[in-house]
Amino acid sequence: MAEKTIPILPCRTLQPVLDFYTALGFEVTYRQKSPNPYAVVERGGIELQFFAVRQHEPAASLGTCYVLTDDVDGLHASFRAGLKAAYGRIPTRGLPRIGPLRDMAYGVRQFLVSDPGGNCVRVGQPVDAGPREARAPEETFARALHHALLLADSKDDPAGAAKVVDRVLRLEDERPTPVQLVRLLVLRADVAGRLGDDGTKAAALARAAAVRLTAGERESAGDDLARLAELRG
């Protein structure tokens with residue numbers, strides 16, 4: 001037996017959603033205008049279907065799905081390039097948007113894409129064959145980073161993420177490792193930018209850039225250093 005799951009996601013109108021996925025490299029393989037607006041997009045083994053309802057509110061959408069891939073880095077790079085070509089920039093806040101690539105505490109390397117309909121498509125790749133740990137890490141700074149990332153990305157709550165990071169960085173009896181500090185500061189700068197707080201963003205970026213890292217630490221913080229350079233640019 002062979003099974004396949006196909007998510008069916010809501011939107012207010014089809015065309016902005018189809019334009020967005022076309023920019024990501026998808027092909028529109030089916031479109032129905034009446035009696036009910038409906039469309040299908042496909043890219044390789046990924047198939048997404050959409051239905052349009054006038055009452056849908058993208059900002060309040062709970063539509064989501066998870067795409068497993070064996071090349072998450074390649075898809076992330078391709079999606080970003082497609083969006084830049086189509087929009088003249090890479091949208092990272094509001095709708096639509098694409099998030100940064102991250103290694104999550106539960107054993108997955110992933111990024112999030114939110115389309116014009118407010119649907120969140122999570123694209124991820126397992127980073128090992130071991131069991132998945134669903135619980136948050138117990139170590140102070142790893143735990144804070146875990147929760148702040150969930151708030152910033154999954155919950156689209158940059159203000160909540162900022163509070164978590166600010167609280168843990170004010171601790172006087174514990175200190176993060178250099179890699180943890182860079183990750184926390186880059187995330188703080190990221191969410192500050194999304195909140196329009198340019199002063200905090202600049203301060204966090206400057207502080208992150210000043211952290212001294214060994215070669216091994218720089219390799220471990222590679223994604224965050226790339227995001228640091230992007231935010232500073």
Could you state the interatomic distance from [atom1] ([X]) to [atom2] ([Y]), rounded to the nearest 0.5 Å?
X: Leu185; Y: Leu169; atom1: CG; atom2: CG; value: 5.5 Å
X: Ile90; Y: Arg80; atom1: CD1; atom2: CZ; value: 3.5 Å
X: Thr92; Y: Arg97; atom1: OG1; atom2: CZ; value: 9.5 Å
X: Asn119; Y: Ile8; atom1: CG; atom2: CD1; value: 12.0 Å
X: Leu151; Y: Asp156; atom1: CG; atom2: CG; value: 10.5 Å
X: Gln49; Y: Tyr38; atom1: CD; atom2: OH; value: 3.5 Å

Hey, does [Y] have a side-chain heavy atom less than 4.5 Å from the side chain of [X]?
X: Arg12; Y: Glu57; value: yes
X: Leu112; Y: Val121; value: no
X: Ile98; Y: His76; value: yes
X: Val113; Y: Phe20; value: yes
X: Leu225; Y: Val186; value: no
X: Val182; Y: Leu213; value: yes

Exercise for the section: Examine Val28 and Leu14 and state if one hydrophobic cluster contains both, with Ile, Leu, Val, Met, Phe, Trp and Tyr joined whenever side-chain heavy atoms are less than 4.5 Å apart. Expected result: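 In one cluster with Val28: Leu14, yes.
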Exercise for the section: Kindly work out whether a path of hydrophobic side-chain contacts (I/L/V/M/F/W/Y, heavy atoms less than 4.5 Å apart) joins Tyr66 to Phe26. Expected result: no
Under the 3.5 angstrom rule, does the side chain of [X] hit a backbone N or O of [Y] as a donor-acceptor pair?
X: Arg232; Y: Ala202; value: no
X: Thr64; Y: Cys120; value: yes
X: His56; Y: Gly117; value: yes
X: Asp198; Y: Gly193; value: no
X: Arg89; Y: Ala85; value: no
X: Glu230; Y: Arg227; value: no
X: Gln180; Y: Phe141; value: no
X: Arg143; Y: Pro137; value: yes
X: Glu27; Y: Thr29; value: no
X: Thr13; Y: Gln15; value: no

Handout entry: Arg218 atom CZ: more than 12 heavy-atom contacts under 6.0 Å
Key =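 For Arg218, atom CZ is not crowded (no more than 12 foreign heavy atoms under 6.0 Å).
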Practice task
May I ask you to check whether over 12 heavy atoms, not counting those of Glu219, lie within 6.0 Å of atom CD?
Solution key: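 No, not enclosed.
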Handout entry: Step-by-step side-chain hydrogen bond (donor to acceptor under 3.5 Å, both in side chains) determination, Arg122 to Ser154
Key = CA-CA 9 Å; Arg122 303 161 188 264; Ser154 299; 3.0 Å; yes
Between the side chains of [Y] and [X], is the shortest nitrogen-to-carboxylate-oxygen separation below 4.0 Å, so that they form an ion pair?
X: Lys201; Y: Asp190; result: no
X: Glu47; Y: Lys4; result: yes
X: Asp153; Y: Arg102; result: yes

Problem - For Gly124 against Val108, the heavy-atom pair lying closest together - result: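 Between these two residues, the closest heavy atoms are CA-CG1, 3.9 Å.
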Handout entry: Arg188 and Asp166: CA distance, side-chain angles, deciding distance, side chain to side chain contact (heavy atoms under 4.5 Å, CB included) verdict
Key = CA-CA 8 Å; Arg188 186 63 180 91; Asp166 288 344; 2.7 Å; yes
Practice task
Test Ser78 against Arg43 for side chain to side chain contact (heavy atoms under 4.5 Å, CB included), laying out the working first.
Solution key: CA-CA 12 Å; Ser78 178; Arg43 174 182 167 135; 3.3 Å; yes
Practice task
Specify whether Phe50 and Tyr21 have parallel, tilted or perpendicular ring planes, treating 30° as the upper limit for parallel and 60° as the lower limit for perpendicular.
Solution key: tilted
Practice task
Could you please spell out the steps behind the side-chain hydrogen bond (donor to acceptor under 3.5 Å, both in side chains) verdict for Thr69 and Gln125?
Solution key: CA-CA 5 Å; Thr69 177; Gln125 178 177 357; 5.7 Å; no
